[in-house]
Amino acid sequence: MDEATDQWTAGFEMGRLDQQLATLVLRDRTVGLSIRSVNRAEAEEIARRRGYELRVREGAEPGQVWAVFSPTP
């Protein structure tokens, strides 16, 4: 994947994540989804901004992590 494509993919993935966390109706629930491991720092920033804490563990596919977003008190 070239750099421009990689940047577009990262922007798309993080934009989708931001939208998902912003529109959750039940904000007291934990949300889990797969993200690319290179986007972990940006996902953590989005989580903080939206009132979530991020925890990650290895994903099923190489280059992926399972991201768990838990509401902060």
Side-chain angles (χ1 to χ4, degrees):
M1 188 178 310
D2 67 24
E3 186 176 335
T5 302
D6 192 48
Q7 288 176 348
W8 185 90
T9 303
F12 179 82
E13 183 179 56
M14 293 297 97
R16 184 185 63 182
L17 171 65
D18 189 42
Q19 182 181 29
Q20 287 175 317
L21 294 180
T23 60
L24 284 176
V25 174
L26 301 173
R27 293 193 175 271
D28 60 337
R29 297 211 178 164
T30 298
V31 177
L33 52 94
S34 180
I35 64 171
R36 293 182 321 141
S37 57
V38 297
N39 293 334
R40 180 180 178 171
E42 190 171 349
E44 192 166 19
E45 185 178 318
I46 291 168
R48 236 186 340 267
R49 188 173 61 236
R50 295 294 181 189
Y52 290 87
E53 172 184 75
L54 172 63
R55 289 175 288 135
V56 298
R57 64 177 189 251
E58 287 300 312
E61 297 182 30
Q64 299 281 319
V65 294
W66 182 250
V68 178
F69 300 88
S70 303
T72 55

Report whether Leu17 and Val56 are members of the same hydrophobic cluster (ILVMFWY, side-chain heavy atoms less than 4.5 Å apart, transitive linking).
yes
Report yes if some heavy atom in the side chain of Thr30 is under 4.5 Å from a heavy atom in the side chain of Pro71; otherwise report no.
yes
Just wondering, do Leu33 and Phe69 contact through their side chains at under 4.5 Å, heavy atoms?
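Side chain of Phe69 against side chain of Leu33, heavy atoms only: contact under 4.5 Å found.
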Atom of [X], atom of [Y] and distance for their closest heavy-atom approach:
X: Arg50; Y: Ala22; result: CZ-CB, 3.4 Å
X: Leu54; Y: Ala67; result: CD1-CB, 3.6 Å
X: Ala47; Y: Leu21; result: CA-CD1, 4.1 Å
X: Arg40; Y: Ile35; result: CA-CD1, 4.3 Å

Sequence-distant partners of Glu53, side chain to side chain donor-acceptor pair (under 3.5 Å), two or more places apart:
none
Return the set of residues passing side chain to side chain donor-acceptor pair (under 3.5 Å) with Arg49 (not counting sequence neighbours), or none when no residue passes.
Asp18
Can you measure from CZ (Arg48) to OG1 (Thr72) and round to the nearest 0.5 angstrom?
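Those atoms lie 11.0 Å apart.
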Taking it one step at a time, do Gln20 and Val31 satisfy side-chain contact (heavy atoms from CB on, under 4.5 Å)?
CA-CA 10 Å; Gln20 287 175 317; Val31 177; over 6 Å; no
Sequence neighbours excluded, the answer for salt bridge (charged side-chain N to carboxylate O under 4.0 Å, His left out) partners of Glu13 is Arg36
